[in-house]
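These numbers were taken from a predicted model, which means no experiment stands behind them.
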Amino acid sequence: MCRPREQTDIVEADLATWDAAWVKHFQGVDVVVHLAANPNPVPPWADLLGSNLEAVVNVFEAAAQSGVRRVVYASSNHAMGEYKDVPEPHVLTTDIAAKPGAHWTVDGQMRNSIPYGALKLVGERIGKCYADARGLSIIGVRIGWVMRGDNRSADIAPQRDPWFRRMWLSNRDFCHLFECCVQADPEIHFAVINGMSNNTDMRWDIEQARQLVGYAPQDDVDA
């Protein structure tokens, strides 16, 4: 759900509920960037079904009905989260088997992001169905670790788990990546790419993103 502030051209809408009042705004649009979701990676399934599943279906359907050319879908590194605790494969490309979920400690309790990661993966597969059946161009971006606010590498504690450090995505690279996806070759049918900064020694492969959409990240978590 968007939350309008001082910007009068923002329309507030519950995308999980189909409503002609917001669907009409898709008319005449060339590209839709779908970022809306519940960002909490460790809630129960019930807290995600509306925002992270029903809203995704509605956005793809609204785009298809309105003649939108492309949808850029914000997927997540959590679609590959189980690789966190295994060393192989060393390079995580988007064409190896997805393994949603990751375990870590939150407030002294072991938590798992399987529901969040699984629904992000489902969103990718829904996108593939819409590309095949309805002719939409779909690019899914498995976004790395983005902190709130200034999101500076200098603010990341040195002892932070390397899994998170090495998939950091700066604000500058985030904006650049999504601009690349919007402007990429219109002949792209369906693709999923990794979205991380140019971090030294990371396991995430971003070569496909470089080649497919022209992504050229400028930042490195260790720089």
Side-chain angles (χ1 to χ4, degrees), residues 2 13-20 22-39 48-81 83 92-101 115-144 169 173-196 204-216:
C2 297
D14 179 3
L15 299 176
T17 301
W18 183 270
D19 189 335
W22 65 259
V23 172
K24 68 180 182 181
H25 293 285
F26 282 56
Q27 293 290 334
V29 172
D30 187 45
V31 178
V32 169
V33 178
H34 182 57
L35 298 171
N38 180 344
L48 294 173
L49 294 179
S51 57
N52 292 27
L53 179 59
E54 293 171 359
V56 175
V57 174
N58 286 341
V59 165
F60 282 131
E61 180 61 25
Q65 288 190 16
S66 303
V68 172
R69 175 177 63 84
R70 168 171 294 155
V71 175
V72 183
Y73 168 65
S75 186
S76 172
N77 66 85
H78 287 279
M80 304 290 281
Y83 287 103
L92 300 178
T93 64
T94 59
D95 57 2
I96 64 175
K99 293 186 177 182
Y116 182 86
L119 287 179
K120 285 296 185 180
L121 181 60
V122 168
E124 294 177 8
R125 305 319 297 167
I126 293 172
K128 178 65 163 58
C129 290
Y130 270 87
D132 292 343
R134 308 289 289 279
L136 284 172
S137 170
I138 305 294
I139 301 178
V141 182
R142 290 179 178 169
I143 298 172
L169 176 63
D173 288 341
F174 181 105
C175 293
H176 166 62
L177 175 56
F178 275 82
E179 288 175 355
C180 287
C181 290
V182 169
Q183 299 170 4
D185 186 347
E187 296 303 315
I188 293 174
H189 174 67
F190 173 80
V192 175
I193 58 177
N194 288 328
M196 292 77 192
W204 300 88
D205 173 66
I206 58 173
E207 187 58 31
Q208 182 192 19
R210 294 181 191 273
Q211 296 184 6
L212 188 69
V213 303
Y215 180 46

Exercise. If you look at every heavy atom in Asp173 and Leu169, which pair is closest and at what distance?
Worked result: CB-CD1, 3.7 Å

Seminar exercise, completed: On a heavy-atom basis, the closest approach of Met196 and Tyr215 is O-OH, 2.7 Å

Exercise. Between the side chain of Asn52 and the main-chain N/O of Asn38, is any donor-acceptor distance below 3.5 Å?
Worked result: yes

Exercise. Say you draw a straight line from CG of Asn194 to CD1 of Ile206; how long is it, rounded to the nearest 0.5 Å?
Worked result: 8.5 Å

For this session: First locate atom NZ of Lys24, then atom CG of Asp19, and finally report the distance between them rounded to the nearest 0.5 Å.
Result: 9.5 Å

Seminar exercise, completed: In this structure, CD1 of Ile126 is separated from CG of Leu121 (nearest 0.5 Å) by 10.0 Å

Problem set entry | Residues Val71, Tyr130; criterion side chain to side chain contact (heavy atoms under 4.5 Å, CB included); working and verdict | CA-CA 10 Å; Val71 175; Tyr130 270 87; over 6 Å; no

Throw together a table of side-chain donor-acceptor distances under 3.5 angstrom for residues 180-189, partners on residues two or more places apart or in other chains.
unit_1 : atom_1 : unit_2 : atom_2 : d
Asp185 : OD1    : Glu187 : N      : 2.8
His189 : NE2    : Asp132 : OD1    : 2.7

Exercise. Any idea which heavy atoms bring Arg142 and Ala79 closest together, and the distance?
Worked result: NE-CB, 4.1 Å

For this session: To the nearest 0.5 Å, tell me how far Ile193 CD1 sits from Thr94 OG1.
Result: 8.5 Å

Problem set entry | Close side-chain approach of Gln208 to Thr93, heavy-atom, < 4.5 Å | no

Exercise. By side-chain hydrogen bond (donor to acceptor under 3.5 Å, both in side chains), which residues pair with Ser76, not counting sequence neighbours?
Worked result: none

For this session: Work out which heavy atom in Tyr73 is nearest to a heavy atom in Leu119; give both atom names and the distance.
Result: OH-O, 3.9 Å

For this session: Return the orientation label for the Tyr116 and His78 ring planes: parallel under 30°, perpendicular over 60°, tilted otherwise.
Result: perpendicular

Seminar exercise, completed: The reported gap from CD in Glu124 to CZ in Phe190 (rounded to nearest 0.5 angstrom) is 6.0 Å

For this session: Only counting residues at least two apart or in another chain, list the ones meeting side-chain hydrogen bond (donor to acceptor under 3.5 Å, both in side chains) with Gln211.
Result: Glu207

For this session: Carefully, step by step, assess Asp30 and Arg70 under the rule side chain to side chain contact (heavy atoms under 4.5 Å, CB included).
Result: CA-CA 7 Å; Asp30 187 45; Arg70 168 171 294 155; over 6 Å; no

Exercise. Does any N or O in the side chain of Trp22 come within less than 3.5 Å of the main-chain N or O of Thr17, such that one atom is a donor and the other an acceptor?
Worked result: yes

Exercise. Please walk me through it: do Val192 and Lys128 pass side chain to side chain contact (heavy atoms under 4.5 Å, CB included)?
Worked result: CA-CA 10 Å; Val192 175; Lys128 178 65 163 58; over 6 Å; no

Exercise. For the residue pair Ala118 and Pro100, what are the closest heavy atoms and their distance?
Worked result: N-CB, 3.4 Å

Problem set entry | Separation of Phe60 CZ from Leu136 CG (nearest 0.5 Å) | 8.0 Å

Exercise. Under the 3.5 angstrom rule, does the side chain of Asp205 hit a backbone N or O of Leu92 as a donor-acceptor pair?
Worked result: no

Seminar exercise, completed: Of all heavy-atom pairs linking Asn58 and Trp18, the shortest is O-CZ3, 3.4 Å

